[in-house]
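See structure below.
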Amino acid sequence: MDERKKAIGFFDSGIGGLSVLKEAIRLLPSEDFIYFGDSINAPYGTRPVDEVKELTFKAVDFLIAKGVKAIVIACNTATSAAIDDLRSKYSPMSIIGIEPAVKPAVELRKPGKILIMATPMTLAEAKFNTLLKSYESEADIVPVPCAGLAEIVEEGNLSGEVVNCYLKDKLAPFINEPISSVVLGCTHYPFVKGEIVSILKEDITIIDGSLGTAKQLKRKLASSRLLNEAAHKGTVTIINSLNSEDILKLSYKLLT
Ligand code: DGL
């Protein structure tokens, strides 16, 4: 088979990575995508690192068995736990990860705090802390661990009381503070962006890494001459370890 015609694999602990897939579809409309969400084992963000690593390797093996040409780890938590090991095991396959978009937030050079909302694991891991160190003299960066928020999204609560109460409580310490921007460091969170905006200020800058990750995927495919340049529209296949109609329905809805 022509390598360029193979699908691109996407992986997340659940439905969050669909926020990244959505950008990738817009950027690479001719490509076929296979998305695997491990909702039965979600959330990953409050698990021990070794467990997340093991689950991520299993998911990547699953996607490789489907014959994909590249893989996007559309999960900040799984990226922090496993990206280096994945790249050394599966080289030369392109494996693209995602991490909290701290650099673009700092480069805004806006006064106030930069809030980094992410899972407890992402914020505790070395990858994020190295990133934090390299920017801490330039900006006031505040990690905001959001245990429980990915579960709320997994349950389909994208607006309304449950998510509103959670976010009001989480963001209460910052309501009267000057905020430079909010970085969404978990791929589940862009789905509740509207609620975050309504709690903070209307003109708040929210940054997430979805578009940057999709662009990096495109660059990688181009440099390894794997871009599918067919004129037709590609396909999207979603698989979820929960194997329920509801989760698949919600997943396809999130892509629209
Ligand atoms: N979507 C994942 C991320 O980007 C994490 C959600 C979870 O805790 O499973 O970090």
Side-chain angles (χ1 to χ4, degrees), residues 9-24 35-60 63 71-84 86 95-102 105 115-129 131-132 143-158 162-163 166-167 170 182-193 195-196 206-214 216-217 238-242 247 250-251 254-255:
F10 262 71
F11 162 64
D12 178 49
S13 62
I15 58 177
L18 293 162
S19 58
V20 187
L21 177 59
K22 207 169 167 175
E23 295 294 345
Y35 181 96
F36 175 63
D38 192 14
S39 294
I40 203 160
N41 291 306
Y44 279 16
T46 43
R47 284 179 181 273
V49 182
D50 284 349
E51 269 180 41
V52 173
K53 233 183 223 180
E54 202 184 316
L55 291 167
T56 304
F57 268 89
K58 259 194 201 155
V60 167
L63 287 169
I71 292 181
V72 177
I73 307 296
C75 177
N76 293 262
T77 307
T79 299
S80 355
I83 198 80
D84 296 337
L86 288 170
I95 303 191
I96 292 97
I98 186 166
E99 61 183 14
V102 176
L115 306 185
I116 317 284
M117 297 174 71
T119 68
M121 214 204 89
T122 297
L123 297 175
E125 275 305 287
K127 215 170 179 36
F128 174 72
N129 284 290
L131 198 62
L132 190 62
V144 183
C146 295
L149 185 52
E151 290 96 305
I152 291 174
V153 175
E154 282 286 310
E155 281 156 15
N157 291 307
L158 311 183
V162 176
V163 64
Y166 179 97
L167 288 168
K170 189 58 74 180
V182 178
V183 174
L184 305 182
C186 167
T187 54
H188 281 72
Y189 305 168
F191 293 120
V192 295
K193 185 172 160 178
E195 290 290 328
I196 297 171
I206 310 253
I207 300 175
D208 78 71
S210 319
L211 181 59
T213 305
Q216 175 66 0
L217 166 65
I238 300 179
I239 303 164
N240 192 293
S241 57
L242 258 188
I247 200 84
L250 175 61
S251 299
L254 291 177
L255 283 182

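Since this is a predicted model, take the numbers as computed values, not measurements. Note that ligands are numbered from 1 as they come in the structure, with each ligand's atoms numbered from 1 the same way. We number each residue from 1, following the sequence as shown.
Of all protein heavy atoms, the one lying nearest to atom 10 (O) of ligand 1 is T77 OG1, 2.6 Å. Summary of contacts: the protein heavy atom closest to atom 1 (N) of ligand 1 is H188 ND1, 2.7 Å.
Residue contacts with ligand 1 include C75, since one or more of its heavy atoms lies under 4.0 Å from the ligand.
Within the 4.5 Å cutoff, the side chain of F128 has heavy atoms near those of the P100 side chain.
A147 approaches T46 most closely through the heavy-atom pair CB-CG2, 4.0 Å. Taking every heavy atom of both residues into account, V52 and A78 meet most closely at CG1-CA, 3.9 Å. Heavy-atom minimum distance, K127 versus I83: CE-CG2, 3.7 Å.
When only interatomic distances are considered, the shortest N/O to N/O separation between G45 and ligand 1 falls below 3.5 Å. For the pair T119 and ligand 1, the shortest N or O to N or O distance does not fall below 3.5 Å. Taking any N or O of N76, backbone or side chain, at least one lies under 3.5 Å from an N or O belonging to ligand 1. Considering both main-chain and side-chain atoms, T122 never comes within under 3.5 Å of ligand 1 through any nitrogen or oxygen pair.
Heavy atoms from both the backbone and the side chain of C186 come within less than 4.0 Å of ligand 1. With a 4.0 Å heavy-atom cut-off, ligand 1 is reached by the side chain of D12 but not by its N, CA, C or O.
Under the side-chain hydrogen bond (donor to acceptor under 3.5 Å, both in side chains) test applied with Y44, the options D12, T77, D38, T119 reduce to a single match, D38.
Checking N157 against Y166 by side-chain atom types alone, no donor-acceptor pair falls below 3.5 Å. Using modelled atom types and a 3.5 Å distance limit, the side chains of S39 and E154 yield a donor-acceptor pair.
Heavy-atom contacts of Y44 reach the following atoms of ligand 1: 7 (C), 8 (O), 9 (O) (cutoff under 4.0 Å).
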